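Each chain gets a letter, A, B and so on, in the order its sequence line appears, and its residues count up from 1. The model shown is predicted, which means the values in this text are computed figures rather than measured ones.
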Number of protein chains: 2
Amino acid sequence: MSLPAPLASSGDTETDSLEIEFHLDRKRPVADQVYEALKAAIVSVRLLPGTSISENRMCRHFGVSRTPVRSAIVRLADEGLIDVYPQQGSFVAPIRLADVYDRHFIRKHLELAVLAEVAKRWTAAKSAEARAIVATQVAAIEVGDPALFHERDEALHAAFAVFAEREGIWPTIQMAKARMSRLHRLFGPPERLPVVVEEHLSVLDALDAGDAALAHQRLEYHLDKIFETFDPMPEAYRPYLAD
Amino acid sequence: MSLPAPLASSGDTETDSLEIEFHLDRKRPVADQVYEALKAAIVSVRLLPGTSISENRMCRHFGVSRTPVRSAIVRLADEGLIDVYPQQGSFVAPIRLADVYDRHFIRKHLELAVLAEVAKRWTAAKSAEARAIVATQVAAIEVGDPALFHERDEALHAAFAVFAEREGIWPTIQMAKARMSRLHRLFGPPERLPVVVEEHLSVLDALDAGDAALAHQRLEYHLDKIFETFDPMPEAYRPYLAD
DNA sequence: CTCTGTACCCTTGTATACTAGGGTCCTATC
DNA sequence: GATAGGACCCTAGTATACAAGGGTACAGAG
């Protein structure tokens with residue numbers, strides 16, 4: 001039988017040099033810390049799709065027992081970020097294109113609905129707060145820190161959820177965003193980042209002008225445009241994809 | 001300190017008569033079976049909000065060890081259906097009204113977006129399939145089986161996701177629906193069920209007529225109407241609610 | 001009678017041991 | 001030499017043992 005992972009059995013001879021920064025805090029639940037560390041590593045693609053997640057190796061790496069590691073893996077498997085094959089192994093899930101399309105659908109319609117609520121409550125203060133976040137995105141581009149850029153991008157979208165007084169739906173949007181986040185960080189051309197900033201600003205401009213319909217149109221264009229970046233999917237990316 | 005559960009320490013003297021039907025199948029992962037059984041019991045409110053979920057009692061009840069039970073509880077805690085208080089206990093989560101509002105927002109906009117896609121692909125065959133499901137809902141009302149009614153209601157909404165060729169977003173809608181499902185099954189007046197059927201049919205009629213805008217309007221009315229059923233929240237329901 | 005301290009039992013969190021099944025590689029046989 | 005079979009090691013799934021902290025009830029002191 002063929003395993004989905006292209007790397008197979010290496011890793012024993014190598015040193016366990018997993019690039020997961022981690023410092024154990026005995027005062028907090030260990031399982032939560034392992035979960036957060038693993039999730040951050042997967043979403044930021046420091047752990048590439050297909051990477052083997054052996055429970056025992058994680059135990060050695062984190063210096064804890066299998067129980068909290070398993071707990072973390074179960075949670076990540078529920079989120080679709082890890083595939084567990086009993087008696088075979090656990091692997092960072094490939095990026096499934098069908099899944100990405102579905103998540104884009106969810107994210108797009110939720111963010112547009114949030115935007116409609118935001119438009120009703122738009123104020124100069126909110127505009128200033130949003131533009132301040134965009135400014136930090138610009139700064140992230142200038143220092144060449146794409147990870148920081150994406151972090152600030154999340155902050156901007158989260159702020160909109162707060163503006164709409166729908167803070168509770170942010171986790172759902174974020175989970176939908178996580179899948180595409182891996183695509184962006186893997187393949188997203190860096191030269192598009194300034195364009196993203198401009199599109200963000202164009203939405204804010206429409207809101208400042210009190211034109212909700214225009215803001216809607218511009219956000220929809222922005223979201224679809226980002227998505228189409230990967231329309232001609234280069235063959236080199238195949239190892240990380242599925243479906 | 002005050003625990004959220006109103007029942008406290010009883011349960012030892014009583015027999016463990018948890019109303020969770022369960023038959024262990026040793027060929028399937030035990031953890032999955034426990035998860036499914038617990039989730040079904042919670043969503044169908046056979047396990048009321050606030051009920052204590054002691055891991056040890058679950059072990060005795062299911063006849064398994066703590067490990068798979070813990071795995072199931074972790075997953076349900078992630079979904080917000082169980083609250084875990086370390087060193088104190090785990091309890092079926094109360095119905096948080098703020099959460100219900102957010103989930104309704106998510107469900108409404110996603111279902112409306114799905115409807116728009118369905119309208120583009122509407123055929124006589126799909127209409128017949130949908131109406132067949134509605135017919136089973138009518139049958140469920142006639143035999144007085146609200147659990148079956150809700151099961152068929154889920155089937156109808158799932159069918160729409162399939163019609164829209166967006167099967168992948170159904171889990172997200174379903175998770176949003178789960179919260180309100182508990183409200184409906186607890187407090188939903190049975191006399192409203194026939195009205196629900198009529199509203200479902202009115203949407204199908206609009207689709208048959210090829211009027212997507214009318215279908216949109218009627219579905220939005222239907223979803224909001226269901227939600228407003230609980231607008232004057234009787235004080236008797238307070239023990240099961242929070243926020 | 002009131003208050004405080006302590007012992008016990010409950011809880012979840014963590015660690016470890018054992019089970020069952022799949023992959024691989026080596027060996028023996030044809 | 002090619003192929004089949006078996007031993008070994010890996011995996012995740014499950015069971016059990018231990019640790020740490022909170023709740024409660026009871027007993028003793030003031």
When the distance from [atom1] of [X] to [atom2] of [N] is rounded to whole Å, what number comes out?
| X | N | atom1 | atom2 | value |
| --- | --- | --- | --- | --- |
| A/Y35 | C/dG13 | OH | P | 16 Å |
| B/E55 | C/dC10 | CD | P | 15 Å |
| B/R26 | D/dA15 | CZ | C1' | 10 Å |
| B/F91 | C/dC10 | CZ | P | 15 Å |
| A/N56 | C/dA15 | CG | C1' | 13 Å |
| A/D32 | C/dG13 | CG | P | 9 Å |
| A/D83 | D/dA12 | CG | P | 13 Å |
| A/F62 | C/dT14 | CZ | P | 14 Å |

If you compare every side-chain N and O of [X] against the phosphate oxygens of [N] (OP1, OP2), does one of them come in below 4.0 Å?
| X | N | value |
| --- | --- | --- |
| A/R70 | D/dG13 | yes |
| A/T67 | C/dT14 | no |
| A/S54 | D/dT11 | yes |

Can you find a pair of side-chain heavy atoms, one from [X] and one from [Y], that are under 4.5 Å apart?
| X | Y | result |
| --- | --- | --- |
| A/K225 | A/R192 | yes |
| B/I173 | B/H157 | no |
| B/L193 | B/Q137 | no |
| B/L156 | B/R152 | no |
| B/Y240 | B/R182 | no |
| B/L186 | B/I95 | yes |
| A/R185 | A/P146 | no |

Requested in this report: Classify the side chain of B/Q87 and the base of C/dT12 as holding, or not holding, a donor-acceptor pair under 3.5 Å.
Outcome: yes

**Report entry** Side-chain donor/acceptor contact of B/R66 with base of C/dG13 under 3.5 Å
**Finding:**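 Flag set: donor-acceptor pair detected.
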
Query - Residues A/M58, A/L38; criterion side chain to side chain contact (heavy atoms under 4.5 Å, CB included); working and verdict - result: CA-CA 10 Å; A/M58 293 300 146; A/L38 269 179; 4.2 Å; yes

Enumerate the protein-to-nucleotides 5-9 of chain D contacts in which both atoms are nitrogen or oxygen and the separation is below 3.5 Å.
none

Query raised in the report: For residues 71-82 of chain B, which residues have at least one heavy atom under 4.0 Å from DNA chain D?
Result: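 Hits under 4.0 Å, by residue number: none.
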
Requested in this report: Please report the closest heavy-atom contact between B/Y101 and A/R166, naming both atoms and the distance.
Outcome: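 Heavy atoms only, the tightest pair is O-NH1, 3.4 Å.
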
Query raised in the report: Nearest to the side chain of B/P68, which nucleotide is it out of C/dG13, D/dT14, C/dA15?
Result: D/dT14

Query raised in the report: Please walk me through it: do B/D102 and A/E167 pass side chain to side chain contact (heavy atoms under 4.5 Å, CB included)?
Result: CA-CA 8 Å; B/D102 287 333; A/E167 202 169 351; over 6 Å; no

Report task. Would you kindly compare B/I53 and A/S65 by the position of their nearest DNA chain C nucleotide and give the one closer to the 5′ end? Result -> B/I53

